[in-house]
Amino acid sequence: MQDPNGSFPIDLGAWRPLALDPAEPRLSAEQRDTLAANIRLCRDAIVFFTATGAARGVGGHTGGPYDTVPEVMILDGFFRGAPERFLPVFFDEAGHRVATQYLMAVLRGHLQASDLLHYRAAHSRLPGHPELGLTPGVEFSSGRLGHLWPFVNGVALAHPGRTLFCLGSDGAQQEGDDAEAARFAVAHGLNVKLVIDDNDVTIAGHPSEYQKGYDVARTLGGQGLVTLVGDGEDLDDLYGRLCTAVASDGPVAVINKRAMAVGIEGLEGSTHGHDVIPVDLAITYLEQHGQDAAAAYLKAIEKPVNPYIYLGSSTHTAANRNIFGDTVVSMLAPMEAAERKTTTLCVDSDLEGSCGLAQIRKAYPEIFVSGGIMERGNFSAAAGFGMQRGRQGIFATFSAFLEMCISEITMARLNGAHVLCHFSHAGVDDMADNTCHFGLNNFFADNGLEDDHHPTRLYFPADGGQMKACVEAVFHDPGLRFVFSTRSKVPDLLDREGLPLHGEGYVFEPGRDEVVREGDAGTIISFGACLYRALDAVEKLRLEGIAIRLINKASLNVVDETMMATVGNSPFVLVVESFNRRTGLGSRFGTWLLERGYHPRYAHLGTWREGCGGLWEQIPHQGIDSDGILSHVRALLA
């Protein structure tokens, strides 16, 4: 059995640096053989070390970086063979292909191969998207899907004598940012070469099926780019097209057709190839490729678990992001089919399985639209459907993408739209993708005026029972309703007798804050996945004879005046959240207190620094775990 802390079990020393001259558009037999061997080796390595993420439970996208190895190897050859012509950075606007960046950092000597064994682990400096300044050898931050090409245009303007490459995908090209970037690059004759992996796969399906008429080459050609389309697995053809792109002035798109996870048995062509390869398929692949030591290493990995036991919460956990979808289905069930069709439209942004919308599609496909990777347009479509009273749009995506929709949210409000929004993956809990995928600025959705002619309400239920009751309570409300959930599962909160706090018979009252525990030594205000951690701290303090009041503020942007009078007279108030300290609840709550003449000692805990990778480790990294809360309470009491 391999030692999980041992050396990398694939010999990356077998990789042979290859210098290629783009002025010579044909590969020699020796170059082709070397290139093919390097591709096989690097693909084996990517399958292996991304699968360690699957084995350890942190995930880690295999298909994208695996697929694009041939073009990356050729670009590396160009950078070595004609360094004066290029800015030698593997810019990639599909951030989930981070494994490419880490592998190249090893091959360039910035990381040790053994570092890859800790892919996406907490404090490994190898998060799920590349972050500039965090990982040695990583030369840019990709951000979210489809956001980098416009940035690369600016880099090109700063280096007018160099050719730049930007790796892309058919998924990234669906984002509106890329349409603007294409027009900009053509208008200014930028020497940016797009290298696009066109595999007809995104997370939730195949663009050729859910987005009829969409074609990467025709779209970019219509924007004015030269497009060179071919088989990404044909090395001679791929190499020749890349050489042609380099020899051409201005922006060029090299579009490479291939199946997702090509050559991986059980995964090729599947949407499941987008995410991390299952461990059993990785083991089979590695054994078929003679990488027995790597397969044995995977078999020896044991998935770590968080051993912490939280006081005041059950051991049962539930995924609120799925409960949202289940509850919507239950609300739609009593309607006649014609009523559902005329009153409700659900629009997905390629994340149906992550945001609870898959349940709605399965139950009522006639009201479901697969909108693809274009959050702004999809939100607006849902809002437009809900412009008339009696109709509503349902929209969901990750909380990190809420920032992209601010203007559209304003337009929806100005047009009196009725939209029930679910933004999952809020905060930082269980976020191995790290900083660019943190859902921190959710209060940006509350950007209307105070006259409240068209209400906007923000809700962050704490557990499964409250999520169900919240959706039931606000489903038919007018205006814009934003319901947040975490990527992580959350436990059921318990009352002082050990019974579910939001169990049978519980009714959610929008705008009302709830007392979880009473106490007179001070008050903690919290919500969502921070609430059960705050409850653990409160229960520990109670064992010491210190009674702290704990308030569940699931209605985030409404002041409960009755509760405010109680809270305002506490010796101290501590707000605990995983939103951005600069823009979250705590940045408002102190003002609310002062406006009403209250002046308790006040403190605010929230997310304040870049992430550390991993899963549950993100919460203590920000100091908003039970121990962090306890420390701040003791300081306030002192």
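Since this is a predicted model, take the numbers as computed values, not measurements.
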Start with the C-alpha distance between Arg56 and Glu617, add both sets of side-chain angles, then the distance that settles salt bridge (charged side-chain N to carboxylate O under 4.0 Å, His left out), and finish with yes or no.
CA-CA 14 Å; Arg56 288 181 281 105; Glu617 297 92 342; over 6 Å; no

Would you mind checking if [Y] and [X] are paired as a salt bridge, meaning a charged N to carboxylate O distance below 4.0 Å?
{"X": "Arg125", "Y": "Glu131", "result": "no"}
{"X": "Arg40", "Y": "Asp44", "result": "no"}
{"X": "Arg376", "Y": "Glu180", "result": "no"}

Is the distance between the ring centroids of [X] and [Y] less than 6.0 Å?
{"X": "His289", "Y": "Tyr285", "value": "yes"}
{"X": "Phe151", "Y": "Phe91", "value": "no"}
{"X": "Tyr102", "Y": "Phe49", "value": "no"}

Between Tyr297 and Phe48, what is the ring plane arrangement, given parallel below 30°, perpendicular above 60°, and tilted in between?
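Taking Phe48 first and then Tyr297, their aromatic rings stand perpendicular (interplane angle over 60°).
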
In terms of relative ring orientation, are His61 and His96 parallel, tilted or perpendicular, with 30° and 60° separating the classes?
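The arrangement is tilted - the two ring planes meet at 30° to 60°.
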
Can you tell me which residue pairs pass the ring-ring contact (aromatic ring centres under 6.0 Å, His included) test with a partner in residues 225-263, sequence neighbours excluded?
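Non-adjacent pairs meeting ring-ring contact (aromatic ring centres under 6.0 Å, His included): Phe78-Tyr239.
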
Other residues, nucleotides and ligands only: do more than 12 of their heavy atoms fall within 6.0 Å of [atom1] on [X]?
{"X": "Leu132", "atom1": "CG", "result": "yes"}
{"X": "Arg108", "atom1": "CZ", "result": "yes"}
{"X": "His272", "atom1": "NE2", "result": "no"}
{"X": "Gln112", "atom1": "CD", "result": "no"}
{"X": "Glu610", "atom1": "CD", "result": "no"}

If we ignore angles and hydrogens, is there a donor and acceptor under 3.5 Å between the side chains of [X] and [Y]?
{"X": "His425", "Y": "Ser354", "result": "no"}
{"X": "Ser142", "Y": "Asp92", "result": "no"}
{"X": "Tyr210", "Y": "Thr202", "result": "yes"}
{"X": "Asn378", "Y": "Ser349", "result": "yes"}

Say whether, by atom type as modelled, one donor and one acceptor occur between the side chain of Arg609 and the main chain of His621 under 3.5 angstrom.
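Yes; at least one donor-acceptor contact below 3.5 Å.
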
Has the side chain of Asp326 got a donor or acceptor atom that lies under 3.5 Å from a matching backbone atom of Gln359?
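Judged by distance alone, no pair lies under 3.5 Å.
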
From [X] [atom1] over to [Y] [atom2], what is the distance, rounded to the nearest 0.5 angstrom?
{"X": "Glu24", "Y": "Gln31", "atom1": "CD", "atom2": "CD", "value": "8.0 Å"}
{"X": "Ser169", "Y": "Glu93", "atom1": "OG", "atom2": "CD", "value": "6.5 Å"}
{"X": "Tyr119", "Y": "Ile46", "atom1": "OH", "atom2": "CD1", "value": "9.0 Å"}

Sole candidate of Asp197, Thr68, Asp198, Asp234 that passes side-chain hydrogen bond (donor to acceptor under 3.5 Å, both in side chains) when paired with Arg258
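By the side-chain hydrogen bond (donor to acceptor under 3.5 Å, both in side chains) criterion, Arg258 pairs with just one of Asp197, Thr68, Asp198, Asp234: Asp197.
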
Testing Asp429, Asn320, Asp430 one by one against Ser488 for a side-chain hydrogen bond (donor to acceptor under 3.5 Å, both in side chains), which residue passes?
Asp429

Test of understanding: with salt bridge (charged side-chain N to carboxylate O under 4.0 Å, His left out), list the residues that count as partners of Glu287, not counting sequence neighbours.
Lys299

